[in-house]
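Every chain is numbered from 1, with letters handed out A, B, ... down the list of sequences. On a predicted model such as this, the values are computed, not experimentally measured, just so you know.
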There are 2 protein chains.
Amino acid sequence: MSEIPLRVGELAARAGVTVRALHHYEEVGLLSPSRTAAGHRRYDAADVERLQQITSLRALGLGLDGVRAALDAPDFDPAAVVERHRAALDAEAARLGALAARLDALGRLLRQRALTGAPVDPDAFLTLTKAMTDVETHYTPEQLQQLADRREALGADAIRAVEAEWPRLFEALGKEMDAGTDPAAPAVQRLVDRWDELVGMFTGGDPGIRRSLGTAVEANRDGMSQMMGLDPDRMQALFAYAQDARDAREG
Amino acid sequence: MSEIPLRVGELAARAGVTVRALHHYEEVGLLSPSRTAAGHRRYDAADVERLQQITSLRALGLGLDGVRAALDAPDFDPAAVVERHRAALDAEAARLGALAARLDALGRLLRQRALTGAPVDPDAFLTLTKAMTDVETHYTPEQLQQLADRREALGADAIRAVEAEWPRLFEALGKEMDAGTDPAAPAVQRLVDRWDELVGMFTGGDPGIRRSLGTAVEANRDGMSQMMGLDPDRMQALFAYAQDARDAREG
DNA sequence: CCTTGCTCCTCACGCCGCGTGAGGTCCGTA
DNA sequence: TACGGACCTCACGCGGCGTGAGGAGCAAGG
């Protein structure tokens, strides 16, 4: 525990910061050590303590301005600082969460295409990505939040199960359609019921979200078919067939 | 749906980006429109499409380098890009989470001091902050993660309840100590049992974490007493009294 | 044809928290 | 006195634009 003032390198090593950072703190007027005659910096005990405070506040994620405010302002409300900063953190976390959601969705789509053997070349990737961001524009921020909540509530396993089921469902329904089965037939009805059930898991039964989903599909058939790994025309036909089945059910 | 090439301002408005951004994309070689004789930029349909791809990829959180890689590299693996980027996002989220945990802990301490009427002047704030970061150095990253998990498992309400209980517990135990009650007395035993119970909620019963907590307290009595809103000497005395009670229980 | 008012152009600095040299000086020890 | 290491001061770089400054093009009205 030497009491003699420290030189930059020594202080840097002890405090776990770089020499450059110490220089920088001095440049911005955060920490101003005394100098020797030759101009070498000397950090005394007070400087060391101030540096510790600086690093502590920095560890909270405060910017150097915030640190200066906390250290130099005589009137400053710690609780308010913590709260404001916490709010900023939350906002940032939300932003990251949104990005993560997008990436996850994209990852799901890529996995799906891998499952169905669809090509995943760069072009498809770009189309897919664009389709995804397009779709987002059809939901309000609140709805997107609801969707995220819904996914979290369902859990990753359930989502993966649904992902795996979709292509099979499409294929099965496509076979019935190709075979010319009556949309009112029980086999078709079961498939379409399951379809609606899966969609229901996704929408959480919210009619607003359902409507938005509808308009999103309407507005971007090509993108949606990309997302489903189907040919646009075939998707169109499948949707119509499923709608016939629903009409037959109700009427 | 005009098919004529767009001017910067128009494209910017439609695509939801700024003119400066379009200039920038051109500077870094991402999007190079043709020019009129006078040097004004003209964006044709291909340029518009490329911009859409750029904004889509940017919306995933990719940097401009990443965007260029995705758009210009003929061989590039979408899944790998998504996965790598997702991993980076997770790391960032973890960093934010750590910050949030620190801020929450600090917020708890500030609330606690407000409860007990202890002063929350800037100095106390700084000491507190420093004590917190000091304490962290006594835990391994794994242990810190465990503690975070534990807090999440307990939930905010339980934590708040515990927070409110601590000062009362200290006060009650302090009264017994001041009154000279035998540490083996049932009243004291009950209080110390509750003490250990609360600590157990925090540590999750992990002996490693308990040891680290012990060394942290040992190493920084002043800081810890700050965190508890007690005088260091009184904290010391309370700890000794509680230990006497534990010894009496076992022996 | 000229003016007006808008859009466009090209520099070029600023931000945030340092990292990373380059080129030169000082310090402690042999 | 010589040497190796620690120190010094510039000064640019990063990422993704924001924000002027200062000037020229463009469509429409007078």
Side-chain angles (χ1 to χ4, degrees), chain A residues 2 4-44 47 51 53-71 85 88-89 92 95-96 99, chain B residues 2 4-44 47 51 53-71 85 88-89 92 95-96 99:
Chain A
S2 52
I4 51 169
L6 297 169
R7 314 169 58 165
V8 264
E10 215 159 351
L11 175 57
R14 294 200 190 184
V17 303
T18 66
V19 170
R20 180 65 177 98
L22 292 175
H23 287 179
H24 187 62
Y25 294 158
E26 188 172 359
E27 278 173 30
V28 299
L30 259 183
L31 181 61
S32 303
S34 54
R35 302 291 192 117
T36 67
H40 285 199
R41 292 168 177 82
R42 285 289 116 108
Y43 293 87
D44 64 19
D47 295 325
L51 176 59
Q53 295 171 339
I54 292 172
T55 53
S56 293
L57 291 169
R58 285 250 46 195
L60 293 178
L62 286 182
L64 294 188
D65 279 2
V67 171
R68 196 185 3 251
L71 289 180
H85 192 54
L89 252 183
E92 182 64 9
R95 204 182 57 82
L96 281 188
L99 286 186
Chain B
S2 53
I4 52 169
L6 297 169
R7 314 168 56 162
V8 266
E10 215 161 351
L11 176 57
R14 294 199 191 184
V17 302
T18 66
V19 170
R20 180 65 178 99
L22 292 175
H23 287 179
H24 186 62
Y25 295 157
E26 188 172 0
E27 277 172 29
V28 299
L30 260 182
L31 181 61
S32 303
S34 54
R35 303 289 192 117
T36 66
H40 285 200
R41 292 169 178 82
R42 286 287 115 107
Y43 293 87
D44 63 19
D47 295 324
L51 177 59
Q53 295 171 341
I54 292 173
T55 53
S56 294
L57 291 169
R58 285 251 51 201
L60 293 179
L62 285 182
L64 294 188
D65 279 2
V67 171
R68 193 181 10 246
L71 289 179
H85 192 55
L89 251 183
E92 182 64 9
R95 204 182 59 81
L96 281 189
L99 286 187

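Listed by chain and residue number, B:R7, B:T36, B:R42 satisfy the side chain to side chain contact (heavy atoms under 4.5 Å, CB included) test with B:H40 (two or more places apart in sequence, or in another chain). When the side-chain hydrogen bond (donor to acceptor under 3.5 Å, both in side chains) test is applied to A:D44, no partner is found at least two apart in sequence or on another chain. Every residue two or more places apart in sequence or in another chain was checked for a side chain to side chain contact (heavy atoms under 4.5 Å, CB included) with B:A69, and none qualifies. Among residues two or more places apart in sequence or in another chain, the side-chain hydrogen bond (donor to acceptor under 3.5 Å, both in side chains) test is passed with B:R68 by B:D65. Residues passing the side chain to side chain contact (heavy atoms under 4.5 Å, CB included) test with A:A88: none are found, sequence neighbours excluded. In terms of the side-chain hydrogen bond (donor to acceptor under 3.5 Å, both in side chains) criterion, residue partners of A:H23 (sequence neighbours excluded) are, by chain and number, A:R41.
Here salt bridge (charged side-chain N to carboxylate O under 4.0 Å, His left out) pairs that include residues 29-38 of chain B, with residues two or more places apart or in two chains, are B:E26-B:R35.
Contact of the B:D47 side chain with the B:L6 side chain is not registered, since no non-hydrogen atoms from C-beta on lie closer than 4.5 Å.
As a whole-Å value, the separation of A:L51 CG from C:dC18 P is 11 Å. We find that CG of A:L30 is positioned 13 Å from C1' of C:dC16, with the value rounded to whole Å.
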Generate the contact string for nucleotides 6-22 of chain D. Rules: B means base contact, S means sugar-phosphate contact only, - means no protein heavy atom under 4.0 Å. -SSB-B----BBBB---

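Direction of the helix axis in the helix from C:dC1-D:dG30 to C:dA30-D:dT1 shifts by 40° between the two five-pair termini, rounded to 10°.
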